[in-house]
Amino acid sequence: MLTTENKTQLITLLQIELLTWFEGSKRDLPFRRTKNPYAIWISEIMAQQTQIDTLIPYYTHFIELFPDVAALALATEDQVIKAWEGLGYYSRARNLHKAAKIIMSDYDGCMPDTFSGLIKLPGIGPYTGGAIASIAFNEKVSAVDGNVLRVICRYCNSFMDIGEAKTKKIVTQWVEAILPEAAGNFNEGLMELGAVICTPQSPKCLVCPVRLGCQSFACGTTGELPVKKKKQKQVRKEMEVGILKHQGELFFVRRPSSGLLAGMWSFPIVETTTDTGVDIKRKLEEYFPELSDPVFIGESRHVFSHIIWEMKLYQFELPSGVFESPESYTFGKDKETLPIRTQFKSLDAIDDLALPVAFSKLLILL
DNA sequence: AACTCGTGGGG
DNA sequence: TCCCCAAGAGT
């Protein structure tokens with residue numbers, strides 16, 4: 001059992017060594033070269049469930065396209081989603097756009113500068129609110145992400161399940177209680193340590209700046225931590241994709257405004273119930289009665305966070321003549337409110353369509 | 001509390 | 001090939 005005095009020493013060691021290490025060893029990242037709250041905001045939204053190396057090119061491009069809140073608010077949702085194309089979790093982009101418009105209309109164009117103000121905006125939760133408030137506005141609040149949960153549980157040799165809300169609450173309070181004045185650097189330091197040293201697998205304890213205070217290092221339990229129950233496997237779904245060609249153009253449809261890949265562009269796609277392209281042909285015939293028979297042209301698998309699509313592609317041709325692109329298109333038992341648009345586009349003109357990777361990677365098969 | 005919501009990298 | 005998982009939020 002640790003004495004109170006020892007606990008105090010471990011906390012002081014963590015504060016001092018972490019801040020020192022972070023100042024001297026932090027990676028040179030584009031969003032660390034600014035204190036602009038807007039830029040910090042964008043980077044923190046992109047960082048949600050996304051590794052830093054992945055987001056950097058998106059961040060740079062996004063800031064060029066939309067350099068401030070006003071520019072973002074003035075953009076169309078399609079433009080914002082397009083800038084997010086390939087990054088995933090697209091509701092982040094829609095919420096970002098919504099929030100920018102709210103800031104213009106309700107906050108006189110000025111971002112809230114407190115944690116409590118920030119988390120009222122769509123897309124900004126406890127972590128992101130804490131990160132922006134502490135990094136951009138120097139507020140003494142914690143920012144507990146997966147890195148911080150792992151680092152703190154290891155440092156304290158805690159076997160609490162980091163997937164449980166209770167654990168996050170306790171860790172948040174613990175960090176909150178030991179936050180130094182440089183709260184932003186401390187929060188960022190904890191995350192940097194988790195990303196670079198205290199990694200989930202093969203942590204580099206021998207070069208860790210806080211190993212002398214780390215209780216799991218002392219107990220030899222670092223490899224067992226953090227405790228986290230494994231998530232269940234993705235559901236496999238057999239899908240049929242319809243590639244409808246007409247005079248050199250392909251038929252694209254916009255996905256519903258909620259759910260998977262919401263608002264993104266797509267090929268017609270249905271879940272298989274029989275075989276050999278029957279389902280997708282039936283679907284397309286709702287809009288194009290005169291349709292050729294399906295020709296199988298390949299297959300592809302796409303893994304989402306919770307679903308796996310096993311896709312079979314079938315190509316169709318329309319008879320010559322003029323076809324109006326249908327005004328609406330439904331994805332099945334949908335109650336989506338907004339009208340779904342459709343479009344015929346040639347492959348060299350789809351640059352303005354936000355196409356998720358699940359579909360863009362099919363293009364090489366065509 | 002349990003689900004939904006993408007994608008890419010690494011072991 | 002399969003598993004894990006990543007600077008989470010919304011419902």
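The chains referred to below are lettered A, B, ... by the order of the sequence lines, with proteins before strands, and numbering in each begins at 1.
- Among the atoms of the strands shown, none is found under 4.0 Å from any heavy atom of A:V148.
- Among the heavy atoms of the strands lying under 4.0 Å from A:S305 is at least one base atom, whether or not backbone atoms are also near.
- Taking 4.5 Å as the limit, some side-chain heavy atom of A:P30 sits within range of a side-chain heavy atom of A:I56.
- The nearest whole Å value for the distance from the CE atom in A:M311 to the C1' atom in B:dG6 is 13 Å.
- Ion pair A:E285/A:R282 not flagged as a salt bridge, since none of the NZ, NE, NH1 or NH2 atoms sits closer than 4.0 Å to an Asp/Glu carboxylate oxygen.
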**OP:** Decide ring pair (Phe, Tyr, Trp, His ring centres under 6.0 Å) for A:W84 and A:Y58; before the verdict, give the C-alpha distance in whole Å, the side-chain angles of both, and the deciding distance to 0.1 Å.
**Re:** CA-CA 7 Å; A:W84 214 267; A:Y58 286 88; 7.7 Å; no
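- Heavy atoms of A:L87 sit under 4.0 angstrom from at least one base atom.
- Contact annotation: A:H302 reaches the phosphate of B:dT7 (side-chain N/O to OP1 or OP2, under 4.0 Å).
- Side-chain N/O atoms of A:H306 include one lying less than 4.0 angstrom from OP1 or OP2 on B:dC5.
- Between B:dT7 and A:Y90, a contact under 4.0 Å exists linking OP1 or OP2 to a side-chain N or O.
- Remark: P of B:dC3 and CZ of A:F304 are 20 Å apart, rounded to the nearest angstrom.
- Straight-line distance from the NZ atom of A:K169 to the C1' atom of B:dA1: 15 Å, rounded to whole Å.
- Put simply, CD1 on A:I45 is 15 Å from C1' on B:dC5, counting in whole angstrom units.
- With P as the reference atom, C:dA7 and B:dC3 are 24 Å apart, rounded to whole Å.
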Distances for protein N or O near nucleotides 7-11 of chain C N or O, under 3.5 Å:
from, atom 1, to, atom 2, distance (Å)
C:dA7, OP1, A:N147, ND2, 3.4
C:dA7, OP2, A:N147, OD1, 2.6
C:dA7, OP2, A:N147, ND2, 3.3
C:dA7, O5', A:N147, OD1, 3.4
C:dA7, O5', A:N147, ND2, 2.3
C:dA7, O4', A:D145, OD2, 2.3
C:dA7, N9, A:Y127, OH, 3.4
C:dA7, N6, A:R32, NH2, 3.0
C:dA7, N1, A:R27, NH2, 3.3
C:dG8, OP1, A:G146, N, 3.3
C:dG8, OP2, A:Q49, N, 2.7
C:dG8, OP2, A:Q49, NE2, 3.2
C:dG8, O5', A:Q49, N, 3.3
C:dA9, OP1, A:G125, N, 3.0
C:dA9, OP1, A:G125, O, 3.4
C:dA9, OP1, A:Y127, N, 3.4
C:dA9, OP1, A:T128, N, 2.9
C:dA9, OP1, A:T128, OG1, 2.8
C:dA9, OP2, A:Y127, N, 3.4
C:dG10, OP1, A:G123, N, 2.4

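- Counting heavy atoms from C-beta on, the side chains of A:I197 and A:V210 never come closer than 4.5 Å.
- Spacing between atom CD of A:Q234 and atom P of C:dT1 amounts to 15 Å, rounded to whole angstrom units.
- Atom-to-atom, CD of A:Q232 to C1' of B:dA2 comes out at 9 Å; the value is rounded to the nearest Å.
- Separation of the C1' atoms belonging to C:dT11 and B:dA1 is 12 Å when rounded to the nearest angstrom.
- Hydrophobic clustering of Ile, Leu, Val, Met, Phe, Trp and Tyr side chains at less than 4.5 Å, counting indirect connections, keeps A:L74 apart from A:M111.
- Side chains of A:F288 and A:P326 form a contact here, defined as non-hydrogen atoms less than 4.5 Å apart.
- Summary of the strand contacts: A:E164 and A:L260 both lie near DNA chain B, and taking for each the nucleotide with the nearest heavy atom, the more 5' one is attributed to A:E164.
- Residues that satisfy the salt bridge (charged side-chain N to carboxylate O under 4.0 Å, His left out) test with A:D28, not counting sequence neighbours, are A:R33.
- Spacing between atom CD1 of A:I56 and atom C1' of C:dA6 amounts to 14 Å, rounded to whole angstrom units.
- In this structure, A:K231 reaches the bases: a heavy-atom distance under 4.0 Å links it to at least one base atom across the strands shown.
- The residue A:A143 sits apart from the nucleic acid: no heavy atom pair falls under 4.0 Å.
- As a whole-Å value, the separation of A:F359 CZ from B:dG6 C1' is 13 Å.
- Classification of A:E188 and A:R32 as a salt-bridged pair holds, one side-chain N sitting under 4.0 Å from a carboxylate O.
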